[in-house]
Each structure stands twice: as C-alpha cells, then as structure tokens.
Amino acid sequence: MTEIVKFLRENIKSEVLENEPMKNHTSFKVGGEADIFINISNVDDLVFCLKTFKEKNIPFYIIGNGCNTLVSDEGVRGAVICIYSEMNKVTVDGCILEALAGTPMTTIALLAKNECLTGFEFASGIPGTIGGGLAMNAGAYGGELKDVVLSAKVLDNDYNIIELSNEELKFDYRKSIISEKKYIVLSTKIKLEKGNFDYIDGKMKELSQKRREKQPLEFPSAGSTFKRPVGYFAGKLIQDSGLKGCSVGGACVSEKHSGFIINKGNATASDIYKLIKHCQKEVYNNFNVNIETEVKLIGDFE
Ligand SMILES: Cc1cc2nc3c(=O)[nH]c(=O)nc-3n(C[C@H](O)[C@H](O)[C@H](O)COP(=O)(O)OP(=O)(O)OC[C@H]3O[C@@H](n4cnc5c(N)ncnc54)[C@H](O)[C@@H]3O)c2cc1C
C-alpha cells in the first residue's frame, strides 16, 4: 500500500495516512488499522481517489464521523475515505441552510438556532455528519432529516455530480437512496421556518436533557445499536430478554438504555460484535423477532 499512499500524496491535497487506527475515528473507540485513510478536503480529490481505487481494484469505505460504524479489530484492508472535518461548512440564505457533507449536525443546529430558524431542533443532539445523516435518514424525538432536507448534491457511481430532490432521495426508516445506491453526499440544502430564538433554544435544551437522562452518553457507543423492529422497541425486547447489563469482555448492554451497547473502556470490536449476536439470538428465541443492526459494520467479523 505504501506505493499507493505515495502516489495519492503526490496527486491530491487531502491528507493521506497509512495504517491509521480506526479507533480514533469511530464513536465506539474500537477498530484496527485502515491500510489507507484519507481525510477528504475537496470533491476533485474524492473523484481522484475513487478512480484510483477502481483502477487498482482497492476496496474503499466512506465514513463521516464514525458515530454509526463498527470497525473490526483486524481493521480495513483497503481505504477509508473520511468526509468530515475538512468538508465542514454551513451557510444560510433566508430559511435555507446549505451544508457540506462533513458538517456536524450539531453545527447546523447551532446556526439554525442563532438565525432563529426552527425545524432542526430534533437533530441538535445527534452526533455525526449531515452526510452520514442523509445516508441513514437520521432522526430523533419525532423528527427525521426527510422532514427538512430540500435536496442534496451527490456523486453517483459514474462520478457525476447530481442534485437529488427530497423525493428522489427516497428517505425511509434509517435509510435512503444514498445507502441503497452507494452514492456519496457532497452537500445538502435544508429548508427551515422562521421561528423564535427562545422557543428553539428551550426545545434544544429540553431534548439534550432528555438524552442525558435516558442515554449512557458517558460511555463510547454508536447510539442505538439496533433498528426499531416494526411494532416493537429493540431496547425493550433486549431488556425483557434479561440482557440489561449483560457483557462480553468490555462490551456491555447499557444499564441505562438497553438499546445501547457500550464500550466500558477496554472493549474490542469482537466483544461488541459477539454481544450484538447474543442479543439478536436471545430476542429471537424469546419473542420470535429479528433485531437488525442500525450500526454499519466494516471489516471481517466472522
Ligand atoms: C451517543 C449517540 C447518539 C446517537 N443518537 C442518534 C439519534 O438520536 N438518531 C439517529 O438517527 N442516530 C443517532 N446516532 C447515530 C449516528 O449519530 C447517526 O447515524 C449519524 O447520522 C451518523 O453520522 P456519521 O457521520 O457519524 O456516519 P458514519 O458512522 O461515519 O457512517 C454511517 C453511514 O453513513 C455513510 N456515510 C457517511 N458519510 C457519508 C457521505 N458523505 N456520503 C454517503 N454516505 C455516507 C457511511 O458509509 C455509513 O454507511 C447516535 C450515535 C451516538 C454515538
């Protein structure tokens, strides 16, 4: 890989790292090394990397802030393309915010509040980038990105930049056309409404308080580990299976919220994965319900 790293460094402005520990780029704080890690700073570099990887048959994975991603202890053979800190910019024009894909949703929420724009309060405590948010149709407390996104500029599989409307983004529960077709989000427009600063501020504080009360934010995690199965709550099914506090190595089903698997400090990705599998098996045995992971897995686990 050293030669490719050298080649990329000679041809792009974005930072290119070799053997980069993924525990530094995921909210679970686990994961082995990625052969190549690129911190993308512009679209030309992104396209250059994608074309290079295609030509040289190198697998690649897109991440934002890694808040919904579990990387295996063996790491990533191939490249991780990170669209985060160097693609972080949000501007406002009337009621429309335009954000680059790497912009944290918390940054967008702050600007919306300061501009007295309402509608984004639900996302003010969701960690992660707006690019990752669009791929996942991130949502909380009754709101989802599909409610506020006007359009998104994405890179399709032939490296064309296309602008997709809200409808064309095909948002659904924790998915969208981005995740389905493996498009890459470059930027998005979000439409909000004129509101009142005190109301927006109050709402964000209220939701943040709820999160602190209900979620184990003091431990590394990826938020809800599992999707909500139709008609149930994953956390309740896990709790009713007697798994609250259940642990494998340093991974543990949170005592505070059974829908969260947390890293108590020394977990490996393998511990987390084994605990995920255990929860899925027990819930299925007890309730005949499959709980699918919301968390995205990168690397070898079996
Ligand atoms: C404490 C905590 C609380 C959370 N609470 C919530 C919550 O309330 N609601 C919620 O929905 N989620 C929640 N999450 C999960 C997470 O914050 C969201 O899923 C978020 O959208 C992930 O963004 P990210 O940039 O970290 O994505 P990553 O984890 O980096 O990636 C997630 C997926 O998005 C894809 N992706 C990332 N960037 C792009 C891009 N630019 N273009 C195309 N695809 C891309 C990746 O390939 C991957 O498939 C929580 C996580 C934590 C740790």
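We count ligands from 1, going down the list as the structure has it; atoms in each ligand are counted the same way. Counting begins at 1 with the first residue of the sequence.
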Inset, instruction - Take every heavy atom of R211, measure it against each atom of ligand 1, and state whether any distance is under 4.0 Å. - result: yes
Legend entry - Output field: ring centroids Y273/F301 closer than 6.0 Å: yes
Legend entry - Residue of the set E163, K189, E168, K191 for which side-chain hydrogen bond (donor to acceptor under 3.5 Å, both in side chains) holds with S151: E163
Inset, instruction - Output yes when the distance from some N or O of ligand 1 to some N or O of K296 is under 3.5 Å, and no in every other case. - result: no
Inset, instruction - Check whether any N or O atom of A101, backbone or side chain, sits under 3.5 Å from an N or O atom of ligand 1, and answer yes or no. - result: no
Legend entry - Best match, G102, G132, P104: closest heavy atom to atom 37 (C) of ligand 1: G132
Inset, instruction - Only heavy atoms count here, so choose which of A140, G223, G128, P127 is nearest to atom 18 (C) of ligand 1. - result: P127
Legend entry - Under 3.5 Å side-chain donor-acceptor pair for D271 and T268: yes
Inset, instruction - Please determine if K214 forms a cation-pi arrangement with F260, meaning its NZ or CZ atom is less than 6.0 Å from the six-membered ring centre and no more than 45° off the ring axis. - result: no
Inset, instruction - Assess whether side-chain contact (heavy atoms from CB on, under 4.5 Å) is satisfied between C82 and I40, documenting all intermediate values. - result: CA-CA 6 Å; C82 177; I40 290 292; over 6 Å; no
Inset, instruction - Heavy-atom distances under 4.0 Å are what count here, so tell me which part of T26 touches ligand 1: side chain, backbone, both or neither. - result: neither
Legend entry - Protein contact of atom 31 (O) of ligand 1 - nearest heavy atom, named by residue and atom, plus distance: T69 OG1, 3.6 Å
Legend entry - Positive for side chain to side chain contact (heavy atoms under 4.5 Å, CB included) with P104, one of T129, N88, I126, I130: N88
Legend entry - Whether E206 side chain and M204 backbone form a donor-acceptor pair below 3.5 Å: no
Inset, instruction - Taking the side chain as every heavy atom from C-beta outward, state whether L155 and Y183 have any pair of such atoms under 4.5 Å apart. - result: no
Legend entry - Check: M105 N/O within less than 3.5 Å of ligand 1 N/O: no
Inset, instruction - Decide yes or no on salt bridge (charged side-chain N to carboxylate O under 4.0 Å, His left out) for K256 and E218, but give the supporting numbers first. - result: CA-CA 11 Å; K256 206 168 174 184; E218 59 280 24; 3.7 Å; yes
Inset, instruction - Would you mind checking which non-hydrogen protein atom is closest to atom 12 (N) of ligand 1, with the distance to 0.1 Å? - result: I126 CG2, 3.7 Å
Legend entry - Check: S27 N/O within less than 3.5 Å of ligand 1 N/O: no
Legend entry - Atom indices of ligand 1 within 4.0 angstrom of I184 heavy atoms, with elements: 42 (N), 43 (C)
Legend entry - Residue-ligand contact M87/ligand 1, heavy atom below 4.0 Å: no
Legend entry - Those atoms of ligand 1 less than 4.0 Å from some heavy atom in R174: 11 (O)
Inset, instruction - Determine, using heavy atoms of Y183 and all atoms of ligand 1, whether some pair is separated by less than 4.0 Å. - result: yes
Legend entry - Atoms in ligand 1 with a heavy atom of I178 nearer than 4.0 Å: 43 (C), 44 (N)
Legend entry - Any N or O of I63 closer than 3.5 Å to N or O of ligand 1: no
Inset, instruction - Decide whether an N or O pair under 3.5 Å exists between N65 and ligand 1. - result: yes
Legend entry - Part of A135 within contact of ligand 1 (heavy atoms, under 4.0 Å): side chain
Inset, instruction - Take E294 and K227 through the salt bridge (charged side-chain N to carboxylate O under 4.0 Å, His left out) test and state the conclusion after the steps. - result: CA-CA 5 Å; E294 180 173 319; K227 289 186 190 168; over 6 Å; no
Legend entry - I36/E18 under side-chain contact (heavy atoms from CB on, under 4.5 Å): CA gap, chis, key distance, verdict: CA-CA 5 Å; I36 306 173; E18 195 173 10; 5.8 Å; no
Legend entry - Heavy-atom closest contact (A152 atom, L134 atom, distance): CB-CD2, 3.5 Å
Legend entry - Non-hydrogen atoms of R9 and L17 that approach each other most closely: NH2-CA, 4.0 Å
Inset, instruction - Could you find the nearest protein heavy atom to atom 26 (O) of ligand 1 and give me its residue, atom name and distance? - result: C67 N, 2.8 Å
Legend entry - Within-cut-off N or O pair, Q215 and ligand 1, under 3.5 Å: no
Inset, instruction - Would you mind listing which atoms of ligand 1 come within a distance below 4.0 Å of any non-hydrogen atom of G139? - result: 7 (C), 8 (O), 9 (N), 10 (C), 11 (O)
Inset, instruction - Could you list the atoms of ligand 1 found under 4.0 angstrom from a heavy atom of A138? - result: 11 (O), 21 (O)
Inset, instruction - Looking only at protein heavy atoms, identify the closest one to atom 30 (O) of ligand 1 and say how far it is in Å. - result: G64 N, 2.6 Å
Inset, instruction - Just need the protein heavy atom nearest to atom 22 (C) of ligand 1, so name the residue and atom and give the distance. - result: N68 CB, 4.0 Å
Legend entry - Donor on one side chain, acceptor on other, S41 and S14, under 3.5 Å: yes
Inset, instruction - Return yes if a side-chain donor-acceptor contact under 3.5 Å exists between N288 and Y284, otherwise no. - result: yes
Inset, instruction - Give a yes/no verdict on whether any heavy atom in K182 is under 4.0 Å from an atom of ligand 1. - result: no
Inset, instruction - Looking only at non-hydrogen atoms, find the nearest pair between F122 and L145 and report the distance. - result: CZ-N, 3.7 Å
Inset, instruction - Measure the distance from atom 42 (N) of ligand 1 to every protein heavy atom, then report the residue, atom name and distance (to 0.1 Å) of the closest one. - result: V185 N, 2.9 Å
Legend entry - Closest protein heavy atom (residue, atom, distance) for atom 1 (C) of ligand 1: L217 CD2, 3.7 Å
Inset, instruction - Go through ligand 1 atom by atom and flag the ones less than 4.0 Å from a non-hydrogen atom of G133. - result: 21 (O)
Inset, instruction - Flag the pair F37 / Y61 as yes when their ring centroid distance falls below 6.0 Å, and as no otherwise. - result: no
Inset, instruction - Say whether A222 and ligand 1 are in contact under the criterion: heavy-atom distance to a ligand atom below 4.0 Å. - result: yes
Legend entry - Closest protein heavy atom to atom 33 (C) of ligand 1, given as residue, atom name and distance to 0.1 Å: M136 SD, 4.0 Å
